[in-house]
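Worksheet: one structure, shown below.
The residues of the chain are indexed from 1 along the displayed sequence. Atoms within a ligand are numbered from 1 in the order they appear, just like the ligands themselves. Side chains are part of it too, since the values below use all heavy atoms of this structure and drop only hydrogens, waters and symmetry mates.
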Amino acid sequence: MENPYLAHRKESKENPYTGKSYTENYFKILEKREQLPVFQYKKDLLEALRNNQVTLLVGETGSGKTTQVPQFFVEELKPHLKNKMIVCTQPRRVAAMSVAKRVAEEMDVEFGREVGYTIRFDDFTTNNKTFLKYSTDGMLLREAMFDPLLTKYSCIILDETHERTCATDILMGLIKEIIPRRPDLRVLVMSATLDTERFLKYFEGSPLIKVPGRTFPVEILYSEKPELDYVDAAIRTVLQIHMKEDPGDILLFLTGEEEIEDVCRKLSFRGNEMVDYPILKPIPLYSSLPPNEQQRIFCDPPKPREPGKPPGRKVIVSTNIAETSLTIDGIVYVIDPGFCKQKIYNPRNRVESLQVTPISQASAEQRAGRAGRTRPGKCYRLYTKESYDTHLTKQTPPEMLRTNLTTVVLQLYRIGVANICKFHFMEPPAPETMMRALEILNYMGALDDEGDLTELGKMMSDFPVDPQLAKVLISSSKYKCVSQMLSIVSMLSIQNPFLRPADKKKEADRARQAFADVCGDHFLLLNVYDTYVKNQFDAKRWCRENFLNPRAMASAVRIREQLEKIMKRFKFEISELSPLQKEFQNNIQKSLISGFFMQVACTNKSTGKYEIIKENEKVDLHLSTCLQSKPTWVVFNEYIQTTTASIRTVTEISNYKWLLEIAPAYYDLDTLPAGAARDYFIKEKYENKPKAKKQKRHK
Ligand code: ADP
Ligand code: MG
């Protein structure tokens, strides 16, 4: 029997959201959509929605959860007629943008009007028009700060909850608090491979709908011995598949943009040499890629070299995005080197860094599954079976357990969660991490000694940047350099704008050095920004000549505008120091210290090495720094741990007494552990104290 839920839209020729006739494209896509497994569950889903406030949905990646289910709910709840919205959260920006675009096309409406997306610094929706919005989880959490009951929404869909990002975990906790106070609200918790037991227990009494995927068997092939270099091994495997295996696209998982671009270049080069084989077309996919370039993953494979010959082969070289967030059809071969980039936080030294880490067994299964979507596939694991069994953890630990919670705790305070320690986390963070966050917020002046949110803390939470950066902006007003700090903070909020193509590294480094400043890298960023703005009329050419990423620079300008708006809302004057004024260098340094006083290093006199204050951890300046000399004291933006530890984006602190002035609580001698910094301060104390006493006596 034909499913009545499938039929009804075919009869109507008019799009209820635009009043226009449906285009041909609409019906073409509709046919494909109706094949998706989730369509068979439309009736069950809508019934669950009617009878429950919270419903859980588990379905294989590619079954149509993200693109279809929100549309079902739009039909049912008709938010457009009720002045409400439906929001669907995504942990990844790329997914939010890409899926919103796809769904607008499927619904035959204008992208950015009826259907749009919101990600940090980028709101692609229309007021009073958008009724279906894809949003990053972080942005919805931010909305909750201003509207704790999320009253705009009649339905909230939390997608990719298995990813267990910090923001999604907190949203789940918040939603549990909101539900009794919003009986009209409907919530759907969606996920690929869910830790079903845990979720059912957390959302007690909620129905679970399981959509079985249409998957084909995937043969798993392990490396016989450990690979010395997984990138080399990956390239080798791609070429072997291309030469020996039947037609079918390849999906290769790597860890980040640079690695991916590099491998794509190498594959292109090798592919071009293999004239006796079909065309090999590498396509990169990572989150900072512009949306139109992301869409390339959905294009058809290359045509045969000659009619009658086999078709070419796509090789999608992707980060974890392709693991669950975006479904790419036609993948038959998956290459899994077993690594991904993960945020790791060490609460002891308060340092957070992105590190290449082994994936979990659950991730490995999910990656392999990408190969069996359209026909039986193969997954090449570039590690041994033994390694899989003994070295990979079962599940990736949730972000909550491996991240700096400062931002999150500040947000929870702002939302008004009364007792954070009693907040119903799915898995509560380690007490040490929680205590650290509270302590840091107290040092920053965001929480007072009673643990209450201060006016400063409230203001800080309004900025869509980390508390440190917010603090820097707010204090720049005192130091009369708001304009400069806005530019620097914007530059710190974009992806790395400096391009360094493999064959032009020297030229690129020279171009960067042209912006150098004696004070250091934050000043260099300011120079880059200012010069970019002066050359904006010819931005593309200028960026090319200076090895800068034009997209990143353009987004710095957009971000700056938004931050400036917030500063103005708080009635801060957009003050500006002239580089000729003697306060220029000092005041910018002081502003930086006001937010980053916990990210300061000084040289140990006996070893000559930098040590991070308090932990005395030894670090080097990152190779990219423009500092020619080694100032005794520096403030830094980022800690990077590879084979050695280094600090990136570093600026001199001309006078270390500023630390005592600006962050007296943190640099209190009574609590400052032994180390290079303490030695300086003690010396300071002994050299100055007697003098001060003497002076007194003279008076
Ligand atoms: P799920 O969320 O269950 O993983 P999705 O709803 O994301 O599944 O995807 C369902 C189907 O829609 C997939 O087969 C995918 O290939 C297709 N699809 C999604 N986005 C696009 C796009 N931009 N272009 C073409 N097909 C797409
Ligand atoms: Mg999805």
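Minimum interatomic distance between K281 and C299 (heavy atoms only, all atoms of both residues): NZ-SG, 3.7 Å.
In terms of polar-atom proximity, G62 is counted as a contact of ligand 1, with an N or O under 3.5 Å from an N or O of the ligand. Ligand 1 has no N or O atom lying under 3.5 Å from any N or O atom of S98, backbone or side chain. Geometrically, ligand 1 and T61 share no nitrogen or oxygen pair separated by less than 3.5 Å. For ligand 1, the polar-atom distance check finds an N/O of S63 within less than 3.5 Å of one of the ligand's N/O atoms. Backbone and side-chain nitrogen or oxygen atoms of R373 are examined, and one is located within less than 3.5 angstrom of a nitrogen or oxygen of ligand 1.
Side-chain atoms of Y202 and K176 include no donor-acceptor pair closer than 3.5 Å.
When non-hydrogen atoms are compared, ligand 1 lies under 4.0 Å from the backbone of K65 as well as from its side chain. Only the side chain of Q295 comes within 4.0 Å of ligand 1, counting heavy atoms alone; its backbone N, CA, C and O stay farther away. When non-hydrogen atoms are compared, ligand 1 lies under 4.0 Å from neither the backbone nor the side chain of K101.
The protein heavy-atom contact nearest to atom 11 (C) of ligand 1 is L36 CD2, 3.9 Å.
When each of Q71, K32, K101 is paired with E106, the side chain to side chain donor-acceptor pair (under 3.5 Å) condition holds for Q71 and for no other.
Among the atoms of T66, an N, O or S atom is found under 2.8 Å from the Mg ion (ligand 2).
At a threshold of 4.5 Å between non-hydrogen side-chain atoms, the residues T319 and S287 do not count as touching.
Cation-pi contact between K210 and Y41: absent, since separation from the ring centre below 6.0 Å together with deviation from the ring axis within 45° is not met.
Residue T67 holds the heavy atom nearest to atom 5 (P) of ligand 1 of all those in D329, V99, T67.
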